[in-house]
Amino acid sequence: MAPPALFHVHLLPGLPPEAPRAMSDKRNKIVNTAILATIAILLFNPSGVVGRWIGTTYREWQQRQRISEIWEELVSAPSVLGSPYLDRGRAIVEFADYDCPACRMVAPTIAELTQRGEAIVVVRYVVSQPVGSPGREAARAAICAEQQGRFAGAHEALMTDEKWIEERDWTGLAASIGLADMASFSTCLSDESTEQRLLRDQSLADTLRIPGTPTYVTMQGLHVGAGGFRGAMTAVSNIRDIGTSGGPSTRRLELETEPLFDTSREFQPDDLGLVAANAGFFLSTDRFVVVDRTELLFVDPSSRSVRVVGGEGSGPGEFNFITGAMRAREGVAVWDLLSQRISFFSSDGELLRSSPYDPLAFRHLMAEPVAVHPSGDILFRDGNGLVTGARGRAWDPARYITMGRDGQLQTVATAKGDELFYGSGVGSGGGMSDRVVFGHRTLEGIVGDLLVVAESDASTINVMDWSGSVHSRIPMPAGVRVSPQQMRMAQASHASKWDRRIALANQFRQMGGSYSVGQPDRDIPANEITPGIDRLFVDSDDRLWFREYRLPDRDSAVWQVWDLQLSEQLFSLQVAAEDRLLDARGDRVLLRAEDAFGIPRVAVKQIRP
């Protein structure tokens, strides 16, 4: 039985026999087109199924774009719950208000997960209005506690106790969480910079179109309301690991066992006489220079010849102590802190010029030249140095300043700097006891006309031009959770540093000098998660090398090598722990190590293909 006709065609008189069929086809086409148009209207209009899907997808894309543009700033706030050194790409940014019942409802869950190391949450504020509202004052108190390293305690107190809404006893809050500097806390509460922080948080919320509190932001989008935290956790758990070496597209290489050249094998100690060998650079594929304590040794392995220049003294090309060395366009530049000058040598060892500088022109007397720009300008890293009366954790900021040949200084970039701890062990007024164990640092280098700044607690390494604008970013390797044994080894190393300082002080006193180190501070804090990297340099081929953080019980280290012009990783290289990598050129590396008697030696090794 034939199926029923969808459309009935009436035959018209006077038409040829094939006309009914043609007319039927035409009518079918018209009707089918109308049906498709109707379906399209139903589906693709803004309230239709596909229309809603397209609209939602586009809005989510716009949302992710807005987040990506300000992500680095979003996660850079020090108001962090959990370890701030986990992969920042997996961070959750919470926009909260302390005068928000839903925020307080989720707070215990967030506290539990962050304390277990399963989440990292950066808190930003969308505070209740007007300016004098309790929620706004509470946010200011949390910001001020944050400046003394007590944010987590203040946040927990404000989220779990509602008495402050009526009492507004911020001094009592500060005392309850153990703030040491009450005067600074009180000053901070009314400081304009604190209000500016709140206004900036509000501006970020406006940029992201935050609908209310709590809202949780991940790299994947917004997760709104008390239930949004669960969605945020699901989103970050699905992020693929970034910044780890040895991935499927990354070649993991090793060095050949036998060196191509070894100073201890090719020279007698009296011929070379290395004392420190703190730096070294390839001058060509076949030649290199080693920077020692007061001398530069230009080595030609093919002829087994060495040209020694410099020496101890205060005359041209002489040094009290070579404090640092940098690659320069002409050859090499070395820095003598005591002489307050930088000396430039050609690749053949000829003294080209000396550039004096005034340490008093910088904030820190130990401002350090770190690179020479292709134009000849010298890049200094400046900081604050010791902070009198400081207590607890702090950061010594890094300021990058160029000095032209005319001596003019210009700041080109700033960074977070190094993580320090100010305890009671140095001087009566307080001073820097030591770096935080497994603490974070800012590392830098120059690649052609680009400045590389790596803040080890960030999720990316910034590559900037000389105006400070970011040229590109590369992923920062993730830190490693420290085991109890590794923690004990690090603390023992810290104790041995104090022993060496005390021995040095005793030596000075025997010579009639005065050098005080105070009492050893045994309470230096330690991070449970290491930084992502601990060393960085630019090689002779303008490739960026950085070392994934090496824990004290590891017998090897892994270096990642990047082409920054292409923003791609070339390979990673595994190097023995006892070998210090000085430079690289092509498939060769320059290494420093020590023999059984502690005498330094320098070797050239080839990367195994």
Using a strict threshold of under 4.0 Å (side-chain N to carboxylate O), is an ion pair present between E94 and R124? no
Give me the one residue out of I92, V80, V217 that meets side-chain contact (heavy atoms from CB on, under 4.5 Å) with V122. V80
Decide, yes or no, whether a salt bridge links R435 with D418 under the criterion of side-chain N to carboxylate O below 4.0 Å. yes
Aromatic rings F537 and W559: how do their planes relate, parallel, tilted or perpendicular, breaks at 30° and 60°? perpendicular
Using a 6.0 Å cut-off, check whether atom CZ of R307 has over 12 heavy atoms from anything other than its own residue. yes
Flag, side chain of T294 to backbone of F321, donor-acceptor distance under 3.5 Å: no
Just by modelled atom types, is the A276 backbone N or O under 3.5 Å from a matching donor or acceptor in the D292 side chain? yes
Kindly indicate, with the supporting measurements, whether the criterion side-chain hydrogen bond (donor to acceptor under 3.5 Å, both in side chains) is fulfilled by S284 and D286. CA-CA 5 Å; S284 66; D286 300 321; 5.4 Å; no
Is the cationic atom of R353 (NZ for Lys, CZ for Arg) positioned less than 6.0 Å from the six-membered ring centroid of F344 and within 45 degrees of its normal? yes
Side-chain donor/acceptor of T207 to backbone N/O of S203, under 3.5 Å: yes
What pair of heavy atoms forms the shortest contact from G586 to D541, and how long is it? N-OD2, 2.6 Å
Quick one: do E73 and R200 make a salt bridge, cutoff under 4.0 Å? yes
Any salt bridge between R441 and E419, counting N to O under 4.0 Å? no
D348 side chain to E350 main-chain N or O, any donor-acceptor pair under 3.5 Å? no
Inspect the surroundings of CE in M366 and state if more than 12 heavy atoms from other residues, nucleotides or ligands are less than 6.0 Å away. no
Contact summary for R543 and D539, nearest pair of heavy atoms: NE-OD2, 2.6 Å
Treating D583 as the side-chain partner and F282 as the backbone partner, does any N or O pair qualify as donor plus acceptor under 3.5 Å? yes
Closest heavy-atom pair and its distance - P475, W562: CD-CH2, 3.7 Å
For the pair D382 and R363, find out whether any cationic side-chain nitrogen is under 4.0 Å from an anionic carboxylate oxygen. no
Might you point out which heavy atoms bring L582 and R592 nearest each other, and give the distance in Å? CD1-CB, 3.9 Å
Check: V602 main-chain N/O paired with T263 side-chain donor or acceptor under 3.5 Å: yes
State whether a side-chain donor-acceptor pair under 3.5 Å links S540 with R327. yes
For the aromatic rings, using the six-membered ring if either is Trp, is the centroid distance between Y125 and F95 under 6.0 Å? no
Nearest heavy-atom neighbours spanning L536 and A454: CD1-CB, 3.9 Å
Could you tell me the separation between the SG atom of C144 and the CG atom of L189, rounded to the nearest 0.5 Å? 4.5 Å
Report the C-alpha separation of K416 and D457 in whole Å, then their side-chain angles, then the decisive distance to 0.1 Å, and conclude whether the salt bridge (Lys or Arg N to Asp or Glu O under 4.0 Å) test is met. CA-CA 9 Å; K416 197 167 185 178; D457 67 335; 2.8 Å; yes
Is there a side-chain contact between R550 and D534, using heavy atoms and a 4.5 Å cut-off? yes
Under a plain distance cut-off of 3.5 Å, with no hydrogens placed, do S459 and E72 share a side-chain donor-acceptor pair? yes
Does S456 offer a backbone N or O that forms a donor-acceptor pair with the side chain of H440 under 3.5 Å? yes
In terms of relative ring orientation, are W335 and Y357 parallel, tilted or perpendicular, with 30° and 60° separating the classes? tilted
Quick one: does R329's side chain have a donor or acceptor within less than 3.5 Å of a partner on P374's backbone? yes
Between the main-chain N or O of V123 and the side-chain N or O of S79, is there a donor-acceptor pair closer than 3.5 Å? yes
Pair T323-D336, side-chain hydrogen bond (donor to acceptor under 3.5 Å, both in side chains): steps then yes or no: CA-CA 5 Å; T323 320; D336 186 341; 4.6 Å; no
Short side-chain to backbone donor-acceptor contact, S339 and R341, under 3.5 Å: no
Determine whether M326 and V370 make a side-chain contact, defined as any pair of heavy atoms from C-beta on separated by less than 4.5 Å. no
Testing the basics here: between P600 and V275, what is the closest heavy-atom pair and its distance to 0.1 Å? CG-O, 3.6 Å
Lys/Arg N to Asp/Glu carboxylate O, E195 vs R140, below 4.0 Å: yes
Check ion pair R197-E146 (N to O, under 4.0 angstrom): yes
